[in-house]
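Here the structure is laid out as structure tokens; the discussion comes afterwards.
Only this structure's heavy atoms are used, side chains among them; waters, hydrogens and symmetry mates stay out. Counting begins at 1 with the first residue of the sequence.
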Amino acid sequence: MKKIKKTIQLTVLHIFYIILCFLGLVPVLYAFSLSISESGGALSGGMSFFPEHPTFDNYYEIVVEEPFLLWFKNSMILSVGTMVLAISLAVTAAYAFSRYRYRGRRTVLNLLLLLNAFPQILSMFALFRLFKNIGLLNSRMGLIIIYAGSMCIFSIWNMKGYFDTIPVEIEEASKIDGANDFQMLYKIVMPLAMPAIIVTSVMVLIFVWNEYLFSTTFMLSEESYTLAGGLYQLQADDYSRSWPLFSAAAILVSLPILIIFFCIQKYMVSGLTAGGVKG
């Protein structure tokens, strides 16, 4: 009787989650349907997932006739550059906070947490004036520095918790075998912490990929637009606005992140759960 009751409960729970997932997919399915519809499909009739005359002309137009590939290149450079810089700094800092005990360590961690809670928009004017004076305005490097500074704090806290779960005995054994601190970090600790590093890297990548406010404020020329700024430009003109074209661009922007999630799915599970188990 208990087994039957448990089976019924699990079945109901699975049905509930399936319905919940379907409801979450409704906006995505509608956006895809709109992207393969003819111009003006968003304003005609009611909501429909099956356009009467499906076409992929919107995808062709956004890739060939609009500077979508240029926006894609700019976003890719900013995302990868920020990820490399932020993770490189965060790994060493997180390991130092996790392993070494020194005066002011907890204070520094709390200050970093407080700084991360500070609204970024309040610092925009000061950063704009500073970057204008030192010549980093409308520069990819300047924007990478801003992004890396913002995400480095999050990365430190995220990876510190994972480093705390790695047994110190493993590092002591490597020192007995003759490894120095650099070799121990990059040959012993980092491979063990790879799930956390991958998860953190993807989170940094997603943040930069979708960031809009700083990219449109600090990148002033059309050639330096990112995907977020480019998508806004598609809808900026009330007379040339095309929702099917915008939907096609939005679908293309989402595909790289979706592919990355599928590729690192196994690391996502271990990276998010292993930190809660003390080794």
Side-chain angles (χ1 to χ4, degrees), residues 77-120 122-123 127 141-211 214 257 260-279:
I77 293 174
L78 290 173
S79 300
V80 175
T82 301
M83 182 181 66
V84 171
L85 181 60
I87 297 301
S88 299
L89 297 175
V91 166
T92 52
Y95 180 79
F97 282 123
S98 174
R99 287 294 185 262
Y100 300 117
R101 298 294 182 266
Y102 49 88
R103 182 178 297 179
R105 168 180 167 273
R106 179 55 57 179
T107 302
V108 173
L109 283 172
N110 291 333
L111 286 175
L112 288 176
L113 192 61
L114 181 64
L115 184 62
N116 194 45
F118 187 80
Q120 292 182 343
L122 297 181
S123 63
L127 288 173
M141 180 53 65
L143 204 54
I144 287 175
I145 293 174
I146 294 176
Y147 289 154
S150 302
M151 296 305 296
C152 194
I153 301 174
F154 160 78
S155 303
I156 290 173
W157 269 97
N158 196 48
M159 287 189 290
K160 176 190 172 296
Y162 198 94
F163 284 139
D164 290 340
T165 66
I166 298 177
V168 182
E169 292 76 12
I170 297 178
E171 302 174 22
E172 293 175 349
S174 65
K175 286 185 177 181
I176 294 175
D177 292 336
N180 56 38
D181 291 340
F182 181 84
Q183 292 172 332
M184 180 183 64
L185 177 61
Y186 286 94
K187 293 185 178 181
I188 304 298
V189 178
M190 283 189 62
L192 294 175
M194 193 54 65
I197 295 175
I198 291 176
V199 170
T200 307
S201 300
V202 171
M203 289 182 176
V204 173
L205 187 70
I206 292 174
F207 168 80
V208 180
W209 193 261
N210 295 324
E211 204 281 325
F214 280 91
I257 301 299
I260 291 175
F261 265 108
F262 277 119
C263 293
I264 67 164
Q265 186 176 11
K266 61 178 181 179
Y267 295 106
M268 292 290 291
V269 174
S270 58
L272 293 173
T273 58
V277 181
K278 184 66 177 178

Could you grab the distance from atom [atom1] of [X] to atom [atom2] of [Y], nearest 0.5 Å is fine?
{"X": "Ile188", "Y": "Ile166", "atom1": "CD1", "atom2": "CD1", "answer": "10.5 Å"}
{"X": "Gln183", "Y": "Lys175", "atom1": "CD", "atom2": "NZ", "answer": "12.5 Å"}
{"X": "Glu169", "Y": "Ser174", "atom1": "CD", "atom2": "OG", "answer": "11.5 Å"}
{"X": "Leu78", "Y": "Met141", "atom1": "CG", "atom2": "CE", "answer": "10.0 Å"}
{"X": "Ile257", "Y": "Ser79", "atom1": "CD1", "atom2": "OG", "answer": "7.0 Å"}
{"X": "Asn158", "Y": "Ile197", "atom1": "CG", "atom2": "CD1", "answer": "11.0 Å"}

For the student: nearest non-hydrogen atoms of [X] and [Y], plus distance:
{"X": "Ser155", "Y": "Ala90", "value": "CB-CB, 3.4 Å"}
{"X": "Tyr100", "Y": "Arg105", "value": "O-CD, 3.2 Å"}
{"X": "Leu205", "Y": "Val80", "value": "CD1-N, 4.2 Å"}
{"X": "Asp164", "Y": "Arg99", "value": "CA-NH1, 4.2 Å"}
{"X": "Ala193", "Y": "Phe163", "value": "CB-CE2, 3.5 Å"}
{"X": "Ile156", "Y": "Ala93", "value": "CD1-CB, 3.7 Å"}

Could you check whether any side-chain heavy atom of [X] comes within less than 4.5 Å of a side-chain heavy atom of [Y], counting everything from C-beta outward?
{"X": "Met83", "Y": "Trp209", "value": "no"}
{"X": "Lys160", "Y": "Leu109", "value": "yes"}
{"X": "Met151", "Y": "Ile87", "value": "no"}
{"X": "Phe97", "Y": "Leu112", "value": "yes"}
{"X": "Tyr162", "Y": "Thr200", "value": "no"}
{"X": "Val204", "Y": "Tyr147", "value": "no"}

field: Side-chain donor or acceptor of Thr92 paired with backbone N/O of Leu89 under 3.5 Å
entry: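 Judged by distance alone, yes, a pair lies under 3.5 Å.
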Any donor-acceptor pair under 3.5 Å from Arg101 side chain to Ser98 backbone: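 A pair under 3.5 Å: yes.
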field: Atom OH of Tyr102: over 12 foreign heavy atoms under 6.0 Å
entry: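 Above 12, so yes.
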query: Does the pair Leu127 and Phe214 meet the rule for a side chain to side chain contact (heavy atoms under 4.5 Å, CB included), with working shown?
result: CA-CA 10 Å; Leu127 288 173; Phe214 280 91; 4.0 Å; yes
